[in-house]
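Single-structure report; data block below.
The sequence lines fix the lettering, A, B, ..., with proteins before strands; numbering per chain opens at 1. Note that the structure is predicted; figures quoted are calculated from it, not measured. Values below: every heavy atom of this structure, side chains too, minus hydrogens, waters and symmetry copies.
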Amino acid sequence: MAPAIEGMVPAIESSEGNNKMNKGYQYPSWKKKLRGLVVDNEELCRIVEKGIMGLCGVETQAVETGEAAMELIASGATFDIIVIDRFLPSMTGPETARKMREMGVESKIIGLFALYFEGDEEEFVAAGVDDFKEKPLSPNWLVPILRELDN
Amino acid sequence: MERNHLPRHLVLQRQSLFDQGLLDEQFIQLEELQDDANPNFVEEVVTSYYQNTSTLIVIIEQALGTSPLDFNKLDGYMYQLKGSSSSFGAKKVKADCTLFREYCKAGNVEGCMRTFQQLKKEYASLKRKLEAYFQLARQARVTGTASRPK
């Protein structure tokens with residue numbers, strides 16, 4: 001059965017005695033140790049986005065606010081990919097992205113939104129994001145980006 | 001457990017969730033990501049979803065009881081609900097959120113009320129169906145392990 005997710009290899013079946021368990025689709029082995037950051041105030045979204053990035057082989061941290069993200073960066077943390085939700089409690093998603101770029105962050109930054117508001121895309125793009133995407137963050141969409149980052 | 005090894009009744013039950021338009025591709029992609037280390041990722045996500053959003057549903061209902069409606073606030077609540085619902089592929093609930101939002105933008109009170117009642121039904125129905133599916137899937141995993149020949 002062909003993998004549903006581009007870039008994934010088919011499932012490997014491993015046998016341990018009678019427990020023949022499917023290992024699931026495996027993400028490609030990344031050459032680099034990829035690091036990710038999720039900035040999303042919505043708890044469930046944060047759990048899923050972090051979970052997806054992790055299962056795709058990205059060592060991921062998740063924070064609720066733009067301020068928390070900036071603290072991490074100011075402390076020296078570096079990331080290959082950062083996903084930021086449009087709506088954050090005080091510092092907005094675009095403001096957070098802009099501050100990151102001002103601090104010299106060169107990571108791939110993706111702006112995410114659940115509902116589209118007029119001007120959102122322009123604001124995110126002006127802030128310096130690399131892409132702007134409607135939720136959900138999907139593995140199918142993410143893996144090719146990770147492959148690019150890994151090259 | 002790979003879908004190829006699922007008992008037929010479970011395959012059919014799973015397929016009906018997609019045929020009825022309740023779930024979309026995101027659900028499939030999340031299932032594909034599951035492995036031995038994270039065999040229950042999707043079920044955990046769904047459980048967290050219903051825990052996290054139950055209060056939000058009550059808050060929206062209360063907000064719809066006020067007059068005049070605060071459409072900006074409702075928009076914000078829908079942003080949260082739609083984001084969460086889309087995260088695991090709750091297609092119908094997500095669509096109801098979008099429709100509700102359109103009514104908000106148009107200032108259509110009756111449309112908001114009607115759509116929210118529809119949304120609540122879909123939300124509850126999906127919960128029942130997914131709980132049943134996950135329970136059967138867990139039973140199938142146990143049965144499959146126990147009955148596998150040496």
Decide yes or no on side chain to side chain contact (heavy atoms under 4.5 Å, CB included) for B:Phe88 and A:Val48, but give the supporting numbers first.
CA-CA 8 Å; B:Phe88 71 94; A:Val48 177; 5.6 Å; no
Roughly how far, to the nearest 0.5 Å, is CD of A:Glu42 from OG1 of B:Thr53?
8.5 Å
Starting at CD of B:Glu25, measure out to CG of A:Asn140 and round the result to the nearest 0.5 Å.
6.0 Å
CD of B:Gln29 to SG of A:Cys56: how many Å apart, nearest 0.5 Å?
9.0 Å
Residues pairing under salt bridge (charged side-chain N to carboxylate O under 4.0 Å, His left out) where one sits in residues 42-54 of chain B, two or more places apart or in two chains, turn out to be B:Glu43-B:Arg138
Count I, L, V, M, F, W, Y as connected when their side-chain heavy atoms are under 4.5 Å apart, and connections chain through other members. Are B:Leu136 and B:Phe134 then in the same cluster?
yes
Are B:Leu23 and B:Val11 connected, step by step, through hydrophobic side chains (Ile, Leu, Val, Met, Phe, Trp, Tyr) whose heavy atoms are closer than 4.5 Å?
yes
Please round to the nearest 0.5 Å and tell me the distance separating atom CD of B:Glu102 and atom CG of A:Leu115.
9.0 Å
Tell me, with the steps shown, if B:Gln26 and A:Lys135 meet side chain to side chain contact (heavy atoms under 4.5 Å, CB included).
CA-CA 10 Å; B:Gln26 179 74 356; A:Lys135 289 181 177 181; over 6 Å; no
Positive for side chain to side chain contact (heavy atoms under 4.5 Å, CB included) with B:Ser87, one of A:Ile47, A:Leu137, A:Leu44
A:Leu44
Between the CD1 atom in A:Ile52 and the CG atom in B:Leu30, the distance rounded to the nearest 0.5 Å is 4.5 Å
Is there a path of hydrophobic side-chain contacts, each under 4.5 Å between heavy atoms of I/L/V/M/F/W/Y residues, joining B:Leu12 to B:Phe18?
no
Note: vs chain A, highest number of non-hydrogen pairs under 4.5 angstrom among B:Lys105, B:Arg101, B:Lys82, B:Met78 is B:Arg101
Under 4.5 Å between side-chain heavy atoms, hopping through other hydrophobics if needed: is there a path connecting B:Met113 to B:Phe100?
yes
Check each atom of A:Glu134 against the heavy atoms of chain B and say whether the ones under 4.5 Å are side chain, backbone, both or neither.
side chain
Taking side chain as everything from C-beta outward and backbone as N, CA, C, O, which of these in B:Lys94 sits under 4.5 Å from a heavy atom of chain A? Side chain, backbone, both or neither.
side chain
Given side chain to side chain contact (heavy atoms under 4.5 Å, CB included), test B:Asp75 with A:Phe117 step by step and report yes or no.
CA-CA 10 Å; B:Asp75 218 13; A:Phe117 288 83; 3.2 Å; yes
Would you compute the distance between atom CZ of A:Arg46 and atom OG of B:Ser48 and round it to the nearest 0.5 angstrom?
11.5 Å
Are B:Tyr123 and B:Tyr103 linked, directly or through intermediate hydrophobic residues, by side-chain heavy-atom contacts shorter than 4.5 Å (ILVMFWY only)?
no
Under 4.5 Å from any heavy atom of chain A - which part of B:Tyr79:
both
Close contacts, residues 83-107 of chain A versus chain B, judged by heavy atoms under 4.5 Å
A:Asp85, A:Arg86, A:Phe87
